Amino acid sequence: MQSALRIETKVLPGNKIEITLPDDTLSTSVGQTIEVIVLIPEQKTTLEGQSIMHLLEEIHKQRPVGRSVEEINRDLEAERDAWDN
């Protein structure tokens with residue numbers, strides 16, 4: 001019977017990974033050949049893959065600095081008035 005073990009690990013400097021097999025999980029012996037399959041998850045660039053904190057940071061970066069709430073409301077009102085004309 002074929003055994004399988006799922007382990008997550010981090011990429012180390014030099015694009016290396018290190019895997020340590022638990023002693024009690026598989027019947028392996030030193031020198032035994034095993035097969036390793038590496039799955040690299042897709043990078044999510046959609047809104048679903050971003051944390052809310054990341055989204056808020058991006059919004060704050062795009063926000064004009066030094067504008068008061070009153071100035072923003074005045075600009076919004078002017079924009080609404082332009083729609084009516």
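FYI, side chains are in, hydrogens and waters are out, and symmetry mates aren't considered; it's all heavy atoms of this structure. Everything numeric here is computed off the predicted structure, so don't read it as measured data.
- Every side chain to side chain contact (heavy atoms under 4.5 Å, CB included) that Glu79 has, sequence neighbours left out, goes to Trp83.
- Here the CD1-CD1 distance, from Ile34 to Ile19, works out to 7.0 Å after rounding to the nearest 0.5 Å.
- Within the 4.5 Å cutoff, the side chain of Lys16 has no heavy atoms near those of the Val11 side chain.
- Looking only at distances, no side-chain donor or acceptor of Ser29 sits under 3.5 Å from a matching main-chain atom of Gln32.
- Every residue two or more places apart in sequence or in another chain that forms a side chain to side chain contact (heavy atoms under 4.5 Å, CB included) with Val69 is listed here: Asn73.
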Take Thr20 and Thr9 through the test side-chain contact (heavy atoms from CB on, under 4.5 Å) and record every step on the way to the result. CA-CA 10 Å; Thr20 303; Thr9 188; over 6 Å; no
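- Contact record, Lys10 with Ile17: O-CG2, 4.1 Å, taken as the closest heavy-atom pair.
- The cluster map of Ile, Leu, Val, Met, Phe, Trp and Tyr, joined by side-chain heavy atoms under 4.5 Å apart, puts Val38 and Leu21 in the same cluster.
- Note that CG of Leu5 and CD1 of Ile7 are 4.0 Å apart. Values are rounded to the nearest 0.5 Å.
- Residues that satisfy the salt bridge (Lys or Arg N to Asp or Glu O under 4.0 Å) test with Glu77, not counting sequence neighbours, are Arg80.
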